[in-house]
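Reviewing the structure listed below.
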Amino acid sequence: MSDFMAGVSPFDTLLDYEQRSLAHVAGLPEQIDAPGLWRGIAFRLGQRRLAASITEVTEILSFPVLTSVPGSKFWLMGVANVRGNLVSVIDVRGFIEGERSTHNEKSRVLVIRQHGSLVGLLVDEILGQRAFVDANLREGEMEADERYRRYIERFYETSGTGYGIFSMAALTRTPEFTQAAI
C-alpha cells in the first residue's frame with residue numbers, strides 16, 4: 001500500500017524523502033574538518049609564489065576596463081565597474097616595490113573587501129587553489145626582501161615549490177595603502 005493511500009499526502013512523502021536524504025549527505029571536501037589544513041589562492045608577483053587565504057579573496061577578475069583617478073598615486077591604476085560595484089584596482093607590486101608593473105593576458109585582479117568596499121589587487125598570474133598542511137610549514141623562514149616581509153606571514157612548501165602566505169589584511173592595514181592621493 002502506498003503512503004498516499006495510507007492517508008499521507010504526496011507533499012509529506014516528498015518532505016520525508018528530503019529529510020532522509022539530507023540526513024545521509026556526505027560532507028563536501030571543503031566542509032570536512034581537517035586540522036592543520038590551510039587553503040589559499042596561489043598567485044605570482046614577479047618571481048614570488050604567494051598565497052592568500054580563500055576567506056580574504058572575494059573574486060578573481062580578468063583585467064577590467066578602468067577609469068583613471070586624477071591626482072592619485074601611480075599604483076592606484078583606476079576604478080572598475082564590476083556589476084555595478086566600484087572596485088579600486090591597485091598595482092600591488094607597484095605599491096610594494098615602488099615601480100609600475102605591467103599587465104598581460106595572465107594578469108588577474110584579486111578582489112578583496114576593505115572596510116566595506118571592494119579593492120582589486122593586480123597580480124601577475126593566478127596559480128590556482130592550493131592546500132597546505134602543517135607538516136609542510138617551513139619554520140623560521142623569512143622573506144628576504146624587507147618590503148614584502150610585513151605582508152608574508154609564513155612559508156609552506158608543496159610539491160617542491162615554496163609559497164609565502166600573503167596577508168591581505170596586513171596590506172590593507174598599512175597606512176600608506178589607504179593614502180592613494182598625491
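Taking the six-membered ring wherever Trp is involved, the centroid distance between the rings of Phe166 and Tyr151 falls below 6.0 Å.
Under the 4.5 Å side-chain heavy-atom criterion for ILVMFWY residues, a single connected hydrophobic cluster contains both Leu118 and Leu61. Val89 and Leu171 are members of different hydrophobic clusters when ILVMFWY side chains are connected at heavy-atom separations under 4.5 Å. Hydrophobic clustering keeps Ile126 apart from Phe63 (ILVMFWY residues linked when any side-chain heavy atoms are closer than 4.5 Å, directly or through intermediates). The hydrophobic clustering, which links ILVMFWY residues whose side-chain heavy atoms are closer than 4.5 Å, places Leu76 and Leu45 together. No chain of hydrophobic side-chain contacts below 4.5 Å, direct or via other Ile, Leu, Val, Met, Phe, Trp or Tyr residues, connects Ile112 to Val82.
Using a 4.5 Å cut-off on side-chain heavy atoms (C-beta onward), Pro64 and Val87 make no contact. Put simply, the side chain of Ile165 reaches to within 4.5 Å of the side chain of Trp38, judged on heavy atoms. Under the 4.5 Å side-chain criterion, counting only non-hydrogen atoms from C-beta, Ile60 is not in contact with Val111. The side-chain heavy atoms of Ile41 and Leu127, taken from C-beta on, include no pair separated by under 4.5 Å. Looking at Leu50 and Ile152, their side chains come closer than 4.5 Å, going by heavy atoms from C-beta outward. Looking at Asn136 and Asp134, their side chains never come closer than 4.5 Å, going by heavy atoms from C-beta outward.
Side-chain N/O atoms of Arg130 and Tyr163 include a donor and acceptor closer than 3.5 Å. Using modelled atom types and a 3.5 Å distance limit, the side chains of Asp91 and Ser101 yield a donor-acceptor pair. Side chains of Tyr148 and Glu97: a donor on one and an acceptor on the other come within 3.5 Å. Under the 3.5 Å distance criterion, with hydrogens and angles disregarded, no donor-acceptor pair is assigned to the side chains of Ser159 and Thr161. Judged by distance alone, the side chains of Asp16 and Thr13 never bring a donor and an acceptor atom under 3.5 Å apart.
Note that the CD atom of Gln114 and the OG atom of Ser88 stand 8.0 Å from one another [nearest 0.5 Å]. With values rounded to the nearest 0.5 angstrom, Ser62 atom OG is found 14.0 Å from Lys106 atom NZ. Atoms CD and CD1, from Gln129 and Ile54 in turn, are 3.5 Å apart once rounded to the nearest 0.5 Å. The line from CG of Leu86 to CG of Asn81 is 6.0 Å long, rounded to the nearest 0.5 Å. Here the CD1-CG distance, from Ile90 to Leu110, works out to 12.5 Å after rounding to the nearest 0.5 Å. Expressed to the nearest 0.5 Å, how far OG of Ser9 lies from CG of Leu14 amounts to 8.5 Å.
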Margin query: Between Asp145 and Arg48, is the side-chain contact (heavy atoms from CB on, under 4.5 Å) condition met? List the steps.
Written below: CA-CA 11 Å; Asp145 189 333; Arg48 286 181 177 74; 3.0 Å; yes
Next item on the list: Begin from the C-alpha positions of Arg44 and Glu125 and carry the test salt bridge (charged side-chain N to carboxylate O under 4.0 Å, His left out) through to its verdict.
Entry: CA-CA 5 Å; Arg44 186 176 57 78; Glu125 184 178 5; 3.0 Å; yes
Checklist line | Criterion ring-ring contact (aromatic ring centres under 6.0 Å, His included) on Phe177 and Phe95, from CA distance to verdict | finding: CA-CA 8 Å; Phe177 189 80; Phe95 174 75; 5.3 Å; yes
Next item on the list: Could you go through the side-chain contact (heavy atoms from CB on, under 4.5 Å) check for Glu99 and Trp75 one step at a time?
Entry: CA-CA 8 Å; Glu99 296 178 22; Trp75 44 264; over 6 Å; no
Next item on the list: Would you check, one step at a time, whether the test salt bridge (charged side-chain N to carboxylate O under 4.0 Å, His left out) holds for Glu143 with Arg150?
Entry: CA-CA 9 Å; Glu143 169 60 41; Arg150 65 198 307 189; over 6 Å; no
Next item on the list: Kindly indicate, with the supporting measurements, whether the criterion side-chain contact (heavy atoms from CB on, under 4.5 Å) is fulfilled by Met77 and Ser68.
Entry: CA-CA 7 Å; Met77 301 179 79; Ser68 64; over 6 Å; no
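Scanning both residues, Ser107 and Leu122, for their nearest heavy atoms gives CB-CD1, 3.9 Å. Residue Phe74 comes nearest to Gly94 through the heavy atom pair CZ-O, 3.4 Å, listed as atom of the first residue, atom of the second, then distance. Considering every non-hydrogen atom in both Thr172 and Thr178, the closest pair reads O-CG2, 4.0 Å. Looking at every heavy atom in both residues, Val109 comes nearest to Gly120 through CG1-CA, 3.4 Å. Listed here is the closest heavy atom pair of Ala131 and Leu37: CB-CD1, 3.8 Å. Considering all non-hydrogen atoms of both residues, Met168 and Ala52 come closest at CE-CB, 3.6 Å.
Look at Asp124 and Arg93 and you find a salt bridge, because one of the NZ, NE, NH1 or NH2 atoms lies within 4.0 Å of a carboxylate O, short of that distance. A salt bridge between Glu59 and Arg83 is present, with a side-chain N of the basic residue lying under 4.0 Å from a carboxylate O of the acidic one. Under 4.0 Å is where a charged nitrogen must lie from a carboxylate oxygen, and between Glu139 and Arg154 no such pair does.
Under a 3.5 Å cut-off, the side chain of Glu157 and the backbone N or O of Leu137 do not form any donor-acceptor pair. Checked by atom type and distance alone, the side chain of Asp12 never pairs as donor or acceptor with a backbone atom of Leu15 at under 3.5 Å. Checking side-chain atoms of Thr174 against main-chain N and O of Ala170 turns up a donor-acceptor pair under 3.5 Å.
The neighbour count for Glu176 CD, taken as heavy atoms of other residues, nucleotides or ligands under 6.0 Å away, is above 12.
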